[in-house]
Colleague: 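Have a look at this one before I ask anything.
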Amino acid sequence: MEPRLNFLAHPASGKALKHLASAGKALAESTLPAATRELVALRASQINGCGFCVDIHTKEATHAGETLTRLHLLATWREASVYTEAERAALELTEQGTRIADAAGGVTEETWANAAKHYDEDQLAALVAEIAVMNAFNRLNVITANPGGDYQVGQFA
């Protein structure tokens, strides 16, 4: 399977992608826990059907020490006992933020308040930005049919 378009090969889109990647790297420097960032990235990618990003974040999370049990249960996190309350709050915010078009009113006050119980303002800002950046990456890859499966850990470092 070949992607429809090599996004990096074109000046305008390549430049935009580099800026988006820079945003992602900046978030890695935030105080939001790395495990939370990977779970958020992976969950948004699952929802959006982005095989390319699911491949990346599954492999990166595994390499960083995430357990296979937590990765395998992520799509059913509500029914799993392996996530902290803070991670659950981040995953709920991720789902509502990713499914804005499907949710009347977007992110609920209850979801926001729950996330705010577990994360300070800097972490909340990073969490919101992580959700937005992942959704942008997912859309680029889904639109261009960029396949998953060939990613090597650290490939984009």
Side-chain angles (χ1 to χ4, degrees), residues 1-3 6-8 16-100 102-103 107 111-112 114-157:
M1 179 176 184
E2 292 295 318
N6 179 347
F7 212 71
L8 283 172
L17 187 57
K18 287 178 185 178
H19 285 291
L20 192 56
S22 292
K25 288 180 182 180
L27 293 170
E29 298 171 5
S30 75
T31 60
L32 185 66
T36 302
R37 284 194 324 274
E38 287 298 335
L39 291 173
V40 163
L42 183 53
R43 186 64 190 126
S45 300
Q46 289 173 336
I47 293 166
N48 289 321
C50 182
F52 189 77
C53 290
V54 167
D55 186 29
I56 290 170
H57 295 288
T58 299
K59 289 173 180 173
E60 288 292 343
T62 302
H63 181 73
E66 187 59 78
T67 69
L68 291 178
T69 298
R70 284 168 44 94
L71 294 175
H72 290 306
L73 289 171
L74 187 57
T76 58
W77 63 268
R78 286 179 183 83
E79 291 80 31
S81 61
V82 296
Y83 304 102
T84 67
E85 288 304 312
E87 290 168 339
R88 290 173 177 285
L91 291 168
E92 183 65 33
L93 186 62
T94 300
E95 290 192 2
Q96 288 185 15
T98 298
R99 294 184 165 130
I100 289 174
D102 300 333
V107 174
T111 295
W112 183 261
N114 192 32
K117 280 189 334 193
H118 298 284
Y119 300 101
D120 64 29
E121 281 198 11
D122 285 341
Q123 291 171 322
L124 277 172
L127 180 57
V128 169
E130 181 73 34
I131 294 165
V133 167
M134 278 316 305
N135 275 281
F137 273 123
N138 292 162
R139 280 150 178 77
L140 290 172
N141 287 307
V142 170
I143 291 167
T144 61
N146 201 5
D150 295 327
Y151 178 76
Q152 301 296 316
V153 171
Q155 181 176 335
F156 299 126

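Just so you know, residue 1 is the first one in the sequence shown, and it goes up from there.
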Colleague: Tell me the closest heavy-atom pair linking Leu27 and Ala126, and the distance in Å.
Modeller: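 Of all heavy-atom pairs spanning Leu27 and Ala126, the closest is CD2-O, 3.8 Å.
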Colleague: Counting only heavy atoms not in Glu121, do more than 12 sit closer than 6.0 Å to its CD atom?
Modeller: no
Colleague: Provide the closest heavy-atom pair for Cys53 versus Asn141 in the form atom of the first, atom of the second, distance.
Modeller: SG-ND2, 3.5 Å
Colleague: Run the ring pair (Phe, Tyr, Trp, His ring centres under 6.0 Å) check on Phe137 and Phe52 step by step: do they pass?
Modeller: CA-CA 9 Å; Phe137 273 123; Phe52 189 77; 9.0 Å; no
Colleague: First locate atom OG1 of Thr69, then atom CG of Leu74, and finally report the distance between them rounded to the nearest 0.5 Å.
Modeller: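 Answer for the OG1-CG pair, Thr69 versus Leu74, is 12.5 Å.
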Colleague: Are Arg78 and Glu95 ion-paired here, with the side-chain N under 4.0 Å from a carboxylate O?
Modeller: yes
Colleague: Run the side-chain contact (heavy atoms from CB on, under 4.5 Å) test on Val40 and Leu32 for me, step by step, so that the C-alpha distance in whole Å, both residues' side-chain angles and the decisive distance to 0.1 Å come before the verdict.
Modeller: CA-CA 11 Å; Val40 163; Leu32 185 66; 5.9 Å; no
Colleague: How close do Tyr119 and Ala86 get, counting heavy atoms only, and between which atoms?
Modeller: OH-O, 2.8 Å
Colleague: Has the side chain of Asp55 got a donor or acceptor atom that lies under 3.5 Å from a matching backbone atom of Gly149?
Modeller: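 Yes.
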Colleague: What closest approach, in Å, do Arg88 and Ser81 show between heavy atoms, and which atom pair accounts for it?
Modeller: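 Taking every non-hydrogen atom into account, NH2-CA, 3.9 Å.
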Colleague: Please confirm whether the backbone N or O of His57 pairs with a side-chain atom of Tyr151, one donor and one acceptor, at under 3.5 Å?
Modeller: no
Colleague: When you measure from the side chain of Asn135 to the backbone N and O of Ile131, does any donor-acceptor pair fall under 3.5 Å?
Modeller: yes
Colleague: What distance separates Leu73 CG from Glu79 CD, expressed to the nearest 0.5 Å?
Modeller: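 Leu73 atom CG to Glu79 atom CD measures 9.5 Å (nearest 0.5 Å).
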Colleague: With a 4.0 Å cut-off on N to O distance, would you call Arg70 and Glu87 a salt bridge?
Modeller: yes
Colleague: Checking the side chain of Glu60 only, and the main-chain atoms of Gly154 only, is there a donor and an acceptor separated by less than 3.5 Å?
Modeller: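 Looks like yes, one N/O pair under 3.5 Å.
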Colleague: Hey, what do you get for CG (Asp120) to CG (Leu127), rounding to the nearest 0.5 Å?
Modeller: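 Here the rounded value is 11.0 Å.
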Colleague: I'd like to know if the side chain of Arg43 reaches the main chain of Glu92, judged simply by a donor and an acceptor atom lying under 3.5 Å from each other, with no hydrogens or angles considered.
Modeller: no
Colleague: Could you give me the CA-CA distance, side-chain angles and deciding distance for Trp112 and Val128, then say whether side-chain contact (heavy atoms from CB on, under 4.5 Å) is met?
Modeller: CA-CA 10 Å; Trp112 183 261; Val128 169; 3.7 Å; yes
Colleague: If I compare all heavy atoms of Thr62 with all of Leu68, which pair ends up nearest, and what's the gap?
Modeller: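 For Thr62 and Leu68, the tightest heavy-atom pair comes out as OG1-CD2, 4.2 Å.
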Colleague: If you measure from CG on Leu39 to CG on Leu42, what distance do you get to the nearest 0.5 Å?
Modeller: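 The distance works out to 7.0 Å.
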Colleague: With rounding to the nearest 0.5 Å, note down the distance linking OG1 in Thr144 to CD in Glu2.
Modeller: 11.5 Å
Colleague: How close do Thr98 and Ala44 get, counting heavy atoms only, and between which atoms?
Modeller: OG1-CB, 3.8 Å
Colleague: Supply the atom-to-atom distance Asn48 CG to Arg99 CZ, rounded to the nearest 0.5 angstrom.
Modeller: 8.5 Å
Colleague: Under the 3.5 angstrom rule, does the side chain of Arg37 hit a backbone N or O of Glu130 as a donor-acceptor pair?
Modeller: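 Checked: no pair found.
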